[in-house]
Amino acid sequence: MKSSLAPGIRFTTSFSRDSWYRGFILFLTFLFYTAYHLSRKPISIVKSELHRNCSTVIRPAGFNVTDNATWCDWAPFDRDNYKTLFGVLDNSFLVAYAIGMFFSGMFGERLPLRYYLSFGMLGSGLFTCLFGLGFFWNIHSLGYYAFIQVMNGLMQTTGWPAVVACVGNWFGKGKRGFIMGVWNSHTSVGNILGSLIAGAFVSSAWGMSFIVPGLIIASTGILCFFFLVEKPEDVNCTPPQHHSEQESSEKEPLLQNSSHVDRMGNGSITTEPADVVAVEEHPEAISFCGALSIPGVVEFSLCLLFAKLVSYTFLYWLPLYISNVAHFEAKQAGDMSTLFDVGGIVGGIAAGLVSDYTGGRATTCCVMLIAAAPMLFLYNYIGQRNIGTTVGMLLLCGGLVNGPYALITTAVSADLGTHESLRGNSRALSTVTAIIDGTGSIGAAVGPLLAGLISPTGWNNVFYMLISADILACLFLTRLVFKEAQGWCGRTPRARGFKEI
């Protein structure tokens with residue numbers, strides 16, 4: 001009898017086949033991007049080891065010291081301009097990542113995601129390991145490490161457009177903000193794990209801080225090749241509904257005011273009645289200009305540029321800031337910096353929940369960005385007074401800084417990539433995601449570079465730069481916030497996510 005089934009079996013059979021597959025894909029893509037971020041984090045932890053205060057380090061017996069101030073540093077980072085050299089490494093990765101991202105989305109639309117992701121993770125694993133092998137091969141060339149960073153940046157561009165496109169293929173719009181808010185915690189989980197793994201080796205053999213994460217991401221690439229399912233149709237599952245019935249029955253698509261138009265990548269145009277919902281997928285991938293013409297893409301891209309500038313400045317410089325200001329050892333500073341990412345997990349989930357409930361993605365981002373500015377100011381001035389204040393401020397700043405960043409790169413990108421104005425062409429997901437994240441990555445490249453140039457003048461100036469970036473990010477969302485406010489006041493039809501922006 002069915003009632004005699006074990007409770008665990010009854011629980012597992014209560015979920016449909018579609019639900020099991022969706023959960024499996026969510027778990028796999030979470031694992032994949034956790035590995036991507038895990039392999040990016042070691043450089044920020046190792047910085048504190050590459051250049052240290054050697055006067056406090058115990059010298060090995062019989063070691064001939066020629067310069068008491070730099071004998072324990074790793075050349076070429078033993079110079080006075082070591083912060084600038086660290087900025088070169090950061091920007092070698094981030095500039096390559098930003099440039100490559102604009103092309104990666106187009107590749108992601110046209111290549112099988114399973115092959116594309118597998119190749120990217122294996123390549124990223126290779127170059128991450130090569131950076132760490134510089135320690136064992138006793139390499140002291142800045143050019144070597146910069147080249148490795150460039151290649152790793154290009155390999156890493158394969159990840160984000162592909163995983164967002166895959167998740168967008170499997171999940172509809174209903175609770176996308178919450179689901180992707182939880183799912184996007186892979187960014188913070190990867191940063192935390194990367195910090196802990198790198199911290200475990202940084203004081204003994206910093207090369208292993210790169211080799212172990214490199215082997216992990218390469219392993220997930222093999223896992224991706226054998227198990228990833230790109231679309232529900234590939235395993236006879238039911239495709240998700242990307243738009244509500246109200247959205248589907250709108251009389252005017254957003255890309256065209258006078259007629260119902262489908263814009264494809266080859267420039268062809270087709271028309272169809274307003275009350276017909278296109279359900280078949282177009283074989284052509286959307287063009288770059290076609291993706292830019294989707295309402296909201298430009299505004300959110302520019303907002304993310306400044307939001308990601310702040311987030312990545314913390315990603316690359318927070319451990320060094322904590323080490324310099326609070327005088328922690330490299331491992332302790334790395335461990336403490338993970339609290340910023342813990343706050344980011346909570347902030348991303350909260351942003352997704354609030355935006356789902358209110359239907360205001362732009363307003364949610366704007367409110368969090370506005371609140372982040374004074375919190376950054378307070379963290380710089382009181383954040384290091386005692387351990388309790390440090391923990392609390394890191395958690396709060398992490399949530400407010402990473403919440404909007406997480407929402408824009410996940411739910412917002414998926415909403416825009418499956419926008420009703422596309423009239424059924426869901427192949428825009430990867431391109432739209434790449435445009436938004438690629439623009440954001442320009443900020444990610446500029447932020448650490450500015451931090452490297454400004455920090456010699458004082459950490460206060462770095463924080464003033466971050467606060468200014470948060471304010472600028474808010475300004476780019478003002479039109480969208482106004483539209484959402486009109487919807488709440490009943491002046492325009494209101495729909496969840498993006499209706500008329």
Hey, is [atom1] on [X] packed in by over 12 heavy atoms from elsewhere, all under 6.0 Å?
X	atom1	answer
Y82	OH	yes
Y115	OH	no
F107	CZ	no
Y144	OH	yes

Of the non-hydrogen atoms in [X] and [Y], which two are nearest, and what is the gap between them?
X	Y	value
S124	Q156	OG-NE2, 2.7 Å
T158	G120	OG1-CA, 3.1 Å
G159	Y33	C-CE1, 3.7 Å
I217	S39	CD1-OG, 3.7 Å
V462	I454	N-CG2, 3.7 Å
S355	G352	OG-O, 3.0 Å

Next item on the list: Evaluate side-chain contact (heavy atoms from CB on, under 4.5 Å) for L38 paired with V189, printing each intermediate quantity in order.
Entry: CA-CA 8 Å; L38 180 150; V189 172; over 6 Å; no

Within the distance-only criterion (no hydrogens, no angle test), does the side chain of [X] pair as donor or acceptor with the backbone N or O of [Y] below 3.5 angstrom?
X	Y	result
T363	G360	no
T364	A351	no
Y36	T187	no
S104	T157	yes
T128	G125	no
W74	I139	yes
N91	G87	yes

Close side-chain approach of [X] to [Y], heavy-atom, < 4.5 Å:
X	Y	answer
L376	V310	yes
K41	P213	no
L94	S441	no
M208	F135	no
L318	L394	yes
H140	N138	yes
L477	L480	yes
M101	I436	no

Please report the interatomic distance [atom1]([X]) to [atom2]([Y]), rounded to the nearest 0.5 Å.
X	Y	atom1	atom2	result
I148	F131	CD1	CZ	8.5 Å
L130	Q149	CG	CD	11.5 Å
L400	I370	CG	CD1	11.5 Å
D341	N402	CG	CG	6.5 Å
L117	C166	CG	SG	7.5 Å
H186	N184	NE2	CG	4.5 Å

Next item on the list: Give the intermediate values and the outcome of side-chain hydrogen bond (donor to acceptor under 3.5 Å, both in side chains) for residues S209 and E49.
Entry: CA-CA 11 Å; S209 297; E49 184 69 17; over 6 Å; no

Check: Can you list the steps and then say if T409 with V164 is a side-chain contact (heavy atoms from CB on, under 4.5 Å)?
Finding: CA-CA 8 Å; T409 53; V164 172; over 6 Å; no

Next item on the list: Name all residues meeting the salt bridge (charged side-chain N to carboxylate O under 4.0 Å, His left out) criterion together with K47; count only those two or more places apart in sequence or in a different chain, and write none if there are none.
Entry: D90

Next item on the list: Give the intermediate values and the outcome of side-chain contact (heavy atoms from CB on, under 4.5 Å) for residues I387 and M336.
Entry: CA-CA 10 Å; I387 191 67; M336 184 66 71; 3.2 Å; yes

Residues [X] and [Y]: side-chain donor-acceptor under 3.5 angstrom:
X	Y	answer
W317	S455	no
N191	T338	no
D437	Y97	yes
E299	T478	no

Mutual orientation of the aromatic rings belonging to [X] and [Y] [parallel < 30°, tilted 30-60°, perpendicular > 60°]:
X	Y	value
Y379	Y321	tilted
F314	F463	perpendicular
F476	F306	parallel

Margin query: I want to know whether F377 and Y381 have ring centres closer than 6.0 Å.
Written below: yes

Notebook entry, point to check: Using the benzene-type ring in the case of Trp, are the ring centres of F201 and W206 under 6.0 Å apart?
Noted result: no

Item checked: For F147, all residues meeting side-chain contact (heavy atoms from CB on, under 4.5 Å), sequence neighbours excluded -> M151

Margin query: For I43, run the side-chain contact (heavy atoms from CB on, under 4.5 Å) check against F93, F86, Y145, F210 and tell me which one passes.
Written below: F210

Item checked: Matching residue for T457 among L453, N461, N460 - test: side-chain contact (heavy atoms from CB on, under 4.5 Å) -> N461

Notebook entry, point to check: Can you list the steps and then say if C303 with I408 is a side-chain contact (heavy atoms from CB on, under 4.5 Å)?
Noted result: CA-CA 9 Å; C303 172; I408 293 172; 3.8 Å; yes

